[in-house]
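In what follows, chains are A, B, ... by sequence order, proteins preceding strands, each numbered from 1. All values reported here derive from a predicted model rather than from experimental measurement.
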2 protein chains.
Amino acid sequence: MIELRHLRTLVALRDAGSLVEAAERVHLTQSALSHQIKDLEERLGTALFMRKTRPVEFTRAGQRLLSLAEQVLPLVRMAERDVARLIGHEPGRLHMAIECHSCFQWLMPTIDSFRDHWPEVEIDIPGGHHFDPLPALAREQLDLVITADPQPLPSVHYEPLFRYQGLLAVARQHRLADRAFVEPEELAEETLITYPVEHARLDVFTQFLDPAGVRPREVRTAELTIMMMQLVASGRGVCALPNWALTEYLERDYVKAVGLGETGMWSTLYAAIRDESREQAWMEDFLRTARETSFAVLEGIKPA
Amino acid sequence: MIELRHLRTLVALRDAGSLVEAAERVHLTQSALSHQIKDLEERLGTALFMRKTRPVEFTRAGQRLLSLAEQVLPLVRMAERDVARLIGHEPGRLHMAIECHSCFQWLMPTIDSFRDHWPEVEIDIPGGHHFDPLPALAREQLDLVITADPQPLPSVHYEPLFRYQGLLAVARQHRLADRAFVEPEELAEETLITYPVEHARLDVFTQFLDPAGVRPREVRTAELTIMMMQLVASGRGVCALPNWALTEYLERDYVKAVGLGETGMWSTLYAAIRDESREQAWMEDFLRTARETSFAVLEGIKPA
DNA sequence: GATTTATCATGACATTAGCTCATGTGCTTG
DNA sequence: CAAGCACATGAGCTAATGTCATGATAAATC
């Protein structure tokens with residue numbers, strides 16, 4: 001008997017293009033998917049996709065099942081939402097803080113799509129708070145915080161969203177422009193441009209420079225990503241940003257990007273929420289939507 | 001995660017009206033369904049149906065999932081059929097013999113619905129064969145035989161369709177009319193009306209009278225059920241028929257029905273097919289359709 | 001063309017979901 | 001109030017469904 005599990009796998013496979021990555025998306029091993037699909041194929045009596053092409057190519061039978069999945073899975077999700085709505089009639093509240101300036105890029109589409117499904121949830125991003133958002137979360141002043149450095153707090157749960165790589169943006173003619181990666185020491189004579197937030201919240205420092213005991217010659221700040229890009233492009237400094245925040249500038253050949261350290265500087269972005277709210281159907285749905293939107297909108301990120 | 005299994009269970013539950021019978025339909029135990037649904041309810045956080053009513057009554061959440069099932073399951077079946085069709089392009093042949101006169105009642109709607117889905121399968125009920133159908137099945141002159149007495153033959157497989165109870169139809173004013181059941185000996189002085197087929201193929205004899213060494217005073221035959229009913233109603237004899245073949249006459253209060261023996265005479269109706277054809281998608285589908293149609297059209301039958 | 005790197009397949013083992021069995025509880029019915 | 005029926009529940013088992021370790025194969029890199 002064919003099950004929804006199979007359909008979800010097929011969709012992941014198509015979106016990912018390979019078994020390995022599809023496996024990450026559905027949080028299973030490559031082997032599990034291989035077995036699962038093989039089993040399904042045996043029961044159906046036909047192959048579902050070609051393994052020797054990249055991205056994988058679906059047979060006609062595979063395509064038919066994919067189209068089934070496209071029809072069916074949204075229906076299932078809608079039903080689940082309806083059921084969830086039938087249960088809890090208390091309107092939800094979703095006040096959030098974002099510790100990650102570039103996150104608006106995926107957060108806005110996420111919120112848009114979420115609002116369609118859960119109109120009764122009150123969404124807000126309260127501005128002008130100068131308090132520390134994570135304790136505010138515990139105090140129930142906030143309901144969700146997007147952050148890259150989880151700190152253990154009672155009753156706060158960190159839900160990983162995705163992993164991304166921090167890259168160093170440099171001018172095209174910069175001396176480091178053609179390097180695959182740089183070592184911390186090489187930034188000692190550079191001007192580093194950052195968002196105007198505390199030192200401890202910038203992972204170029206916490207993960208890269210501080211461990212090596214290096215301080216850049218100068219640090220200056222800019223509010224917006226595009227301003228940073230202006231400064232970098234005109235050779236006024238370098239700046240570290242998530243890979244996906246850079247893609248559009250890289251495509252336009254506006255700046256160059258190099259890795260931070262040999263292994264690259266990978267971070268995980270988390271949604272911090274209170275333990276209790278993990279149960280709420282709309283919260284689950286928000287996180288799912290966030291992940292889906294991110295993977296659709298951003299390039300170069302990986303499942304956590 | 002909700003799975004198709006759950007949806008199939010819910011549909012069975014609604015159709016059956018009780019967990020016990022639903023369990024029979026999906027070929028699981030009552031316990032399994034109880035666990036399965038409980039588990040689902042816990043994950044959803046809400047009850048799906050009321051257990052204390054008969055037939056069971058669905059909560060709003062339950063109804064929502066039912067409606068999901070109604071949308072989704074047909075789509076899944078269609079996709080499965082399409083996939084099956086993509087594989088085997090050889091048009092199928094379905095020539096059948098029916099060893100059960102009353103069976104046309106459910107067989108005709110079955111065939112109608114099947115033909116819609118598998119237009120390329122050539123369906124026929126070759127008439128005028130006076131050979132024994134089961135060997136003809138093995139010889140590939142036939143592809144399916146509806147029968148109530150399976151005889152072991154190499155490469156022939158018997159797929160149970162449903163169980164039914166043989167009842168004795170008697171005139172309203174008959175001396176046995178108010179009995180719950182009769183013993184074989186009580187038929188020694190009766191005229192028994194049967195279809196014009198060999199003795200060994202009539203289960204009133206093989207299962208009821210022969211074991212007790214009883215022969216009715218007289219045996220006469222009639223071709224059609226309705227003729228039998230005429231004769232019975234006018235006191236010219238009694239006749240044994242499947243419960244479901246009698247319902248329409250019982251509802252019109254045309255005749256009365258009594259059980260055969262204290263435990264009742266239960267038989268199982270089988271579809272005999274060749275081993276190889278068990279694999280064919282359209283054959284599976286025919287059997288499924290047959291079962292579904294039977295349960296929809298006939299009253300008082302049970303899953304095999 | 002050799003070497004490295006990637007993906008998928010596969011067999012053995014592990015885990016767990018999902019089932020059956022046996023039994024308990026509560027409702028209905030005679 | 002006893003009997004019958006339907007559902008619930010806990011224990012235990014099995015088979016389905018995973019993981020791990022490894023090998024084969026194809027593409028990418030040197």
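Contact check on A:E159 versus A:R288 returns no salt bridge, with no Lys/Arg side-chain nitrogen under 4.0 Å from an Asp/Glu carboxylate oxygen. A salt bridge does not link B:R278 to B:E284: none of the charged side-chain nitrogens sits closer than 4.0 Å to a carboxylate oxygen. With respect to the salt-bridge test (charged N to carboxylate O, under 4.0 angstrom), the residues A:E70 and A:R14 qualify.
Rounded to whole Å, the distance from CD1 on A:I2 to P on D:dT17 is 13 Å. Between A:E3 atom CD and D:dG18 atom P the separation is 12 Å, expressed in whole Å.
Within residues 6-18 of chain B, no residue approaches DNA chain C, by heavy-atom distance under 4.0 Å. For DNA chain C, the residues of residues 22-47 of chain A within the heavy-atom distance limit of 4.0 Å (strictly under) are A:Q30, A:S31, A:S34, A:H35, A:K38, sorted by number.
A:Q30 places no side-chain N or O within donor-acceptor distance of the main-chain N or O of A:L19, the cut-off being under 3.5 Å. Side chain of B:Q165 to main chain of B:N243: no donor-acceptor pair is present (N/O by atom type, distance under 3.5 Å, no hydrogens or angles).
A 4.5 Å side-chain heavy-atom check between A:L73 and A:R8 finds at least one atom pair inside the cut-off.
No more than 12 heavy atoms of other residues, nucleotides or ligands lie within 6.0 Å of CD in B:E262, so this atom counts as exposed by the packing criterion. The local environment of CD in A:E299 is sparse, with at most 12 non-hydrogen atoms from other residues, nucleotides or ligands closer than 6.0 Å.
By the 30° and 60° cut-offs, the orientation of the rings of A:F49 relative to A:F58 is tilted.
In the helix from C:dG1-D:dC30 to C:dG30-D:dC1, the terminal helix axes, each the rotation mapping four pairs' C1' atoms onto the next four within five end pairs, subtend 30°, rounded to 10°.
Dashed line: the shortest gap from a side-chain N or O of A:R51 to OP1 or OP2 of C:dA9 is under 4.0 Å. OP1 or OP2 of D:dA16 has not a single side-chain nitrogen or oxygen of A:R5 nearer than 4.0 Å.
A:Y254 does not carry A:R172 over the face of its six-membered ring by the limits of under 6.0 Å from the centre and within 45° of the normal.
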